[in-house]
Amino acid sequence: MDKVRLQSYQDWVKAELETCVNFWLAHGMDKEHGGVYTCLDRKGEVYSTDKSVWMQGRCAWMFSFLCHNYGPKQEWLDAAKSCLDFMEKYCINRAAGNRMYFTVTEDGQPLRQRRYCFSEAFYAIANAEYYGVTGDREALEHARQAFDLYWDLSHGMPDPTGLGPKTIPTTRSGRAFGLPMIILNVTGTMMRVDPERRERYEKLAQQSVDEIFQYHVHPELKCVLENVAEDGSVRLNYTEGRVVNPGHDIEGVWFLLEHAKRTGNKELVQKAAQIFDWAIDMGWDKEYGGLLYFTDCLGKPPEAYEHDMKLWWPHNEILIASLMLYRDTGDEKYLNWFDTTLSYCKEHFSDPEYGEWYGYLRRDGLPTQPPTKGSTFKGPFHLPRCLMMCDKMLGELIEA
């Protein structure tokens with residue numbers, strides 16, 4: 001193990017994390033209404049004041065997780081609490097079973113409700129992580145309630161909002177990979193900070209792992225399918241049934257690896273490594289470098305117009321998963337993938353002049369114009385999470 005090489009990685013990661021966190025503290029926090037703005041341009045100027053509810057939860061989690069990893073700082077706790085309070089006051093539809101909105105105005109007026117229940121998932125981990133560093137029992141209760149709602153909604157509970165599924169269910173219904181994958185991640189946070197209900201979280205985490213492999217992992221196609229029939233069978237005669245999101249698969253890999261480490265399941269490590277290999281093989285752009293956003297499992301044209309773009313977050317997931325696989329298997333090829341991806345990110349995503357990372361690149365690696373550092377879907381979450389986790393793993397590898 002080349003510890004000098006690992007130290008150089010860690011030095012860069014630490015510096016990038018500090019820059020990233022300071023970018024959001026300086027430009028994102030709404031000191032008037034509370035919460036965080038995430039539609040920021042390259043320099044950090046707000047180009048839309050509408051607020052993503054996902055990002056309120058993700059930002060609160062991120063600043064709390066910083067405290068968990070590096071010790072509490074008042075500015076981090078204040079930022080987390082600002083987002084938690086904003087969500088509590090404005091982002092919950094009390095008249096619809098406490099379902100959460102998707103977007104609100106800067107002063108909290110509801111804009112959009114979606115059938116997806118990920119706002120609840122991110123609200124749950126935000127409150128849980130905040131409880132973990134502060135001991136605030138009210139935050140723990142909010143986390144538990146949101147977790148239970150998310151689980152029930154993703155396992156057949158009628159949506160209190162009355163919103164129906166994306167497709168007419170009598171014509172077509174199915175399963176989406178994102179639901180068990182995110183549950184696996186959320187349960188990991190919940191059991192770490194809420195040991196009183198650890199047995200329940202462990203049971204649901206294992207159920208999620210089982211669902212992923214029973215329904216979405218298809219060795220005959222060498223991929224994980226985003227959308228399958230209720231029984232997991234493939235539907236290859238239309239585009240949605242062939243969608244592969246390599247970055248999503250790789251994010252799922254490190255969720256599985258965390259579960260494997262916690263439970264001592266060495267067989268699961270090898271299964272996760274296989275998924276990583278498939279996703280890299282199918283998604284890495286051999287001409288320009290970087291990971292394609294969507295691919296088709298049969299190599300046919302993807303329907304999504306952004307399919308050949310390079311987005312920041314899949315590359316964050318490669319960095320986490322490749323380093324985790326190197327840690328857990330000792331296979332140098334995974335450290336090489338970390339190196340390859342880090343080099344691509346340094347060259348194309350990182351912005352030394354203004355800080356943070358560009359969110360969206362064209363296939364050739366140039367930022368979309370005008371460049372953006374944040375949006376409804378990009379905020380202080382994937383990148384700082386990646387940098388924190390890589391910093392910790394690199395430190396452990398250096399000390400080993």
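Using modelled atom types, one finds a donor on one side chain and an acceptor on the other under 3.5 Å when comparing D391 with Q10. No donor-acceptor contact under 3.5 angstrom links the side chains of E356 and T19, judged on distance only. A side-chain donor from one of D11 and Q7 sits under 3.5 Å from a side-chain acceptor of the other. Donor-acceptor pairing under 3.5 Å is lacking for the side chains of D328 and Y334. Using modelled atom types, one finds a donor on one side chain and an acceptor on the other under 3.5 Å when comparing Q74 with D78. A side-chain donor-acceptor contact under 3.5 Å links Y201 and D194.
A continuous path of Ile, Leu, Val, Met, Phe, Trp and Tyr side chains, each step under 4.5 Å between heavy atoms, connects V21 with I320, placing both in one hydrophobic cluster. Following chains of ILVMFWY side-chain contacts shorter than 4.5 Å, one cannot reach Y123 starting from V193, and the two form parts of different hydrophobic clusters. L84 and W54 fall into different hydrophobic clusters, where Ile, Leu, Val, Met, Phe, Trp and Tyr are joined by side-chain heavy atoms under 4.5 Å apart, directly or via other members. A single hydrophobic cluster is seen to contain both L6 and V13, as judged by linkage of ILVMFWY side chains at heavy-atom distances under 4.5 Å, directly or through other members. Linking ILVMFWY residues whenever their side-chain heavy atoms come closer than 4.5 Å, directly or via other members, leaves L221 and V253 in distinct clusters.
At least one test fails for K373 against the ring of Y354: distance under 6.0 Å to the centre or angle within 45° of the axis. Remark: R114 is positioned above the aromatic ring of F102, its terminal NZ or CZ atom under 6.0 angstrom from the ring centre and at most 45 degrees off the axis. At least one test fails for R363 against the ring of Y288: distance under 6.0 Å to the centre or angle within 45° of the axis. Relative to the six-membered ring of W313, K378 misses at least one condition, a distance below 6.0 Å or an angle of at most 45° to the axis.
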Inset, instruction - Could you give me the CA-CA distance, side-chain angles and deciding distance for F23 and H27, then say whether ring pair (Phe, Tyr, Trp, His ring centres under 6.0 Å) is met? - result: CA-CA 6 Å; F23 180 92; H27 304 296; 4.9 Å; yes

Inset, instruction - Step by step, work out the salt bridge (Lys or Arg N to Asp or Glu O under 4.0 Å) result for E258 and R262. - result: CA-CA 6 Å; E258 285 198 323; R262 192 176 63 250; 5.9 Å; no

Inset, instruction - Just do the ring pair (Phe, Tyr, Trp, His ring centres under 6.0 Å) check on Y293 and H307 with the steps written out, would you? - result: CA-CA 5 Å; Y293 195 30; H307 67 91; 9.9 Å; no

Legend entry - salt bridge (Lys or Arg N to Asp or Glu O under 4.0 Å) between K271 and E267, intermediate numbers included: CA-CA 6 Å; K271 289 181 177 179; E267 182 183 355; 3.8 Å; yes

Inset, instruction - Show the numbers, then the answer: is there a ring pair (Phe, Tyr, Trp, His ring centres under 6.0 Å) between H33 and F86? - result: CA-CA 8 Å; H33 306 99; F86 186 85; 8.0 Å; no

Legend entry - Test ring pair (Phe, Tyr, Trp, His ring centres under 6.0 Å) applied to F63 and Y130, step by step: CA-CA 9 Å; F63 280 110; Y130 187 79; over 10 Å; no

Legend entry - From CA spacing to verdict: salt bridge (Lys or Arg N to Asp or Glu O under 4.0 Å), R144, E138: CA-CA 10 Å; R144 288 174 169 178; E138 186 177 24; over 6 Å; no

Inset, instruction - With side-chain hydrogen bond (donor to acceptor under 3.5 Å, both in side chains) as the test, would you mind laying out the steps for E211 and Q207 before giving the verdict? - result: CA-CA 6 Å; E211 287 179 10; Q207 182 175 331; 3.3 Å; yes

Inset, instruction - Please step through salt bridge (Lys or Arg N to Asp or Glu O under 4.0 Å) for the pair E240 and K166, ending with a clear verdict. - result: CA-CA 12 Å; E240 188 176 81; K166 184 168 62 175; 3.2 Å; yes

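Side-chain atoms of L236 and L298, non-hydrogen and from C-beta on, do get closer than 4.5 Å to each other. For the pair D296/V243, no side-chain contact is recorded, criterion being any heavy-atom separation below 4.5 Å from C-beta on. Proximity of D148 to Q145: side-chain heavy atoms (C-beta onward) are nowhere separated by under 4.5 Å. D30 is listed as a side-chain neighbour of K51, based on a closest heavy-atom distance under 4.5 Å. Two residues are said to be in side-chain contact when any heavy atoms from C-beta on lie closer than 4.5 Å; F213 and I275 meet this criterion. Inter-residue side-chain proximity for Y37 and D50 is flagged as unmet; no heavy-atom pair is nearer than 4.5 Å. Side-chain contact between P370 and D41: absent, with no pair of heavy atoms (C-beta onward) separated by less than 4.5 Å.
Using a cut-off of 4.0 Å between Lys/Arg side-chain N and Asp/Glu carboxylate O, R385 and E129 are scored as not salt-bridged. A salt bridge links R94 to E88: at least one charged side-chain nitrogen sits closer than 4.0 Å to a carboxylate oxygen. At a threshold of 4.0 Å, the pair K81-D136 does not count as salt-bridged, since none of the basic side-chain nitrogens sits closer than that to a carboxylate oxygen. Using a cut-off of 4.0 Å between Lys/Arg side-chain N and Asp/Glu carboxylate O, R115 and D159 are scored as not salt-bridged. At a threshold of 4.0 Å, the pair R99-E120 counts as salt-bridged, since one of the basic side-chain nitrogens sits closer than that to a carboxylate oxygen. Residues E353 and R42 are paired through a salt bridge, judged by an N-O separation under 4.0 Å between the basic side chain and the carboxylate. Between D231 and R175, none of the side-chain N atoms (NZ, or NE/NH1/NH2) sits under 4.0 Å from a carboxylate O, so this pair counts as no salt bridge. Remark: R362 engages D364 in a salt bridge, criterion side-chain N to carboxylate O under 4.0 Å.
Crowding of E396 atom CD: a count of heavy atoms from other residues, nucleotides or ligands under 6.0 Å exceeding 12. Within a 6.0 Å radius of NZ in K203, no more than 12 heavy atoms belonging to other residues, nucleotides or ligands are found. A 6.0 Å sphere centred on NZ of K346 holds more than 12 heavy atoms belonging to other residues, nucleotides or ligands. In the displayed structure, Y238 atom OH is contacted under 6.0 Å by more than 12 heavy atoms of other residues, nucleotides or ligands. By the 6.0 Å contact criterion, CD on E230 is enclosed, its count of non-hydrogen atoms from other residues, nucleotides or ligands being greater than 12. Annotation for Q274: atom CD counts as buried by contact number, over 12 foreign heavy atoms lying within 6.0 Å.
At least one donor-acceptor pair under 3.5 Å links the side chain of N69 to the backbone N or O of F65. Within the 3.5 Å criterion, the main-chain N or O of S375 finds a donor-acceptor partner in the side chain of T38. Distance alone, capped at 3.5 Å, places no donor-acceptor pair between the H248 side chain and the M181 backbone. Formation of a donor-acceptor pair under 3.5 Å by the S208 side chain with backbone atoms of L204 is found in this model. Judged by distance alone, with hydrogens and angles left aside, the side-chain atoms of E332 form no donor-acceptor pair with the main-chain N or O of G330 at under 3.5 Å.
A distance of 10.5 Å separates CG of L366 from NZ of K310, quoted to the nearest 0.5 Å. Here the straight-line distance linking atom CZ of F122 with atom SG of C117 works out to 10.0 Å at 0.5 Å rounding.
Between F118 and Y150, the ring planes are tilted. Angles from 30° to 60° get that label. The aromatic rings of H348 and Y344 sit tilted, their planes meeting at an angle between 30° and 60°.
Between W312 and Y360, the distance separating the two ring centers is shorter than 6.0 angstrom.
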